[in-house]
Amino acid sequence: MLKRDQIETFFARLQAANPAPKGELNYVNPYTLLVAVVLSAQATDVGVNKATEKLFQRVDTPQKMLKLGEAGLKEHIKTIGLFNTKAKNVIRLSEILLRDFKGEVPQDRDILQTLPGVGRKTANVVLNIAFGLPTIAVDTHIFRVANRTGLAPGKDVLKVEAALEKRVPEPFKLHCHHWLILHGRYVCKARKPDCGRCVVRDLCQFKEKNV
DNA sequence: CTCCCGATAT
DNA sequence: ATATCAGGAG
């Protein structure tokens with residue numbers, strides 16, 4: 001496990017490498033962000049953006065989504081994996097938002113998690129990105145980076161989230177999600193980690209460091 | 001733990 | 001050919 005001063009250095013370097021980190025999923029408002037994140041499960045952001053580009057031009061509210069309908073939605077997202085269940089979830093989720101929340105996205109994690117297709121990770125992303133809260137969403141990339149480096153080891157995503165919550169210094173909390181995910185996607189990759197270009201290589205506890 | 005399930009990288 | 005991709009539900 002990394003020490004406190006090492007963690008400070010860790011994030012200071014990621015911040016220096018990427019001062020204004022942003023996610024790579026496209027959206028136009030909290031609702032479309034929620035939909036985009038639901039669609040992004042086990043899919044690449046590039047693939048999701050390709051499908052949502054046309055979709056969000058026409059559909060950016062729960063009302064319009066219900067007007068489009070499940071069949072219409074599937075037509076838009078059929079290139080995304082797991083599209084059948086995702087389409088069902090988005091339609092049902094939109095019905096609930098419209099009926100119980102005046103068509104708006106609740107700013108509450110427990111409520112968000114009651115929506116179909118929305119788990120803890122998706123809820124945390126929406127709270128962080130759409131509403132600016134310092135929640136830490138642990139996806140596949142962050143789980144891998146946290147464990148590999150020794151930043152915040154844990155056997156499951158909940159434990160990693162708790163460890164990050166404890167160990168990430170306050171000034172870095174708001175954007176740590178983006179720094180970690182981008183680092184995981186482009187440098188600390190699942191298959192072939194690019195340790196040669198890693199800015200925290202000297203701190204990292206990964207045993208099989210590549211050249 | 002299994003199922004969902006297309007596109008992309010390796 | 002196969003592992004992986006901004007996971008969640010039964």
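Chain naming here is simple, since letters A, B, ... match the order of the sequence lines and numbering starts at 1 in each.
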When the distance from CG of Leu39(A) to P of dC5(C) is rounded to whole Å, what number comes out?
18 Å
What is the distance, rounded to the nearest whole Å, between atom CD1 of Ile80(A) and atom P of dG6(B)?
12 Å
What's the closest nucleotide to the side chain of Lys189(A) if the choices are dT10(B), dG7(C), dG6(B)?
dT10(B)
OP1 or OP2 of dC5(C) versus the side-chain N and O atoms of Arg144(A): is any pair under 4.0 Å?
yes
Touch class at under 4.0 angstrom, heavy-atom based, for Gly47(A) against every strand present:
nothing
Just by modelled atom types, is the Gly154(A) backbone N or O under 3.5 Å from a matching donor or acceptor in the Asn147(A) side chain?
yes
Could you say whether Leu82(A) or Val46(A) is positioned toward the 5' end of DNA chain B, judged by the nucleotide with the nearest heavy atom to each?
Leu82(A)
Using whole Å, report how far NZ of Lys88(A) lies from C1' of dG10(C).
14 Å
Starting at atom CZ of Arg92(A), determine the distance to atom C1' of dG8(C), rounded to an integer number of angstrom.
12 Å
Specify the separation, in whole Å, of atom OH of Tyr186(A) and atom P of dT10(B).
12 Å
Under 4.0 Å, heavy atoms only, any strand: does Val48(A) hit a base, just the sugar-phosphate, or nothing?
nothing
Whole-Å P distance, dC5(B) and dG10(C):
15 Å
On DNA chain C, compare the nucleotides closest to Leu115(A) and Ala43(A); which residue's is nearer the 5' end?
Ala43(A)
Over all strands shown, is Ile181(A) touching base, sugar-phosphate only, or nothing at heavy-atom distances under 4.0 angstrom?
base
For Thr52(A) versus Leu39(A), what's the shortest heavy-atom pair and its separation?
CG2-CD1, 3.8 Å
Checking dA9(B), dC5(C), dC4(B) against the side chain of Thr85(A) (C-beta onward), the nearest is dC4(B)
For Arg109(A) and dG8(C), what is the distance between atoms CZ and C1' respectively, to the nearest whole Å?
16 Å
Measuring from the side chain of Thr79(A) (C-beta onward, heavy atoms only), which nucleotide among dT10(B), dG6(B), dC5(B) has the closest atom?
dG6(B)
Can you measure Asn124(A) atom CG to dG8(C) atom C1' for me and round it to whole angstrom units?
14 Å
dA3(C) versus dT2(B) - spacing of their P atoms, nearest Å
15 Å
Between dT8(B) and Lys50(A), is there an OP1 or OP2 to side-chain N/O distance shorter than 4.0 Å?
yes
Give the rounded distance in Å between these two atoms: CG of Leu158(A) and P of dG8(C).
11 Å
Distance test, side-chain N/O of Asn89(A) to OP1/OP2 of dA9(C), below 4.0 Å
no
Which heavy atom of Glu165(A) sits nearest a heavy atom of Pro134(A), and at what distance?
OE2-O, 4.2 Å
Go nucleotide by nucleotide along DNA chain C from the 5' end; which of Pro116(A) and Ile129(A) gets its closest nucleotide reached first?
Ile129(A)
Give Lys78(A) one of three labels, base, sugar-phosphate or nothing, depending on what nucleic acid heavy atoms sit under 4.0 Å from its own.
sugar-phosphate
Taking all heavy atoms of Lys74(A) and all of Ala87(A), pick out the closest pair and write down the distance.
CG-CB, 3.6 Å
Does dG8(C) have its OP1 or OP2 closer than 4.0 Å to a side-chain nitrogen or oxygen of Thr122(A)?
yes
Between Lys78(A) and Glu70(A), does at least one N-O distance fall below 4.0 Å, as a salt bridge requires?
no
Could you pull out the closest heavy-atom pair between Val199(A) and Leu14(A), with the gap in Å?
CG2-CD2, 3.9 Å
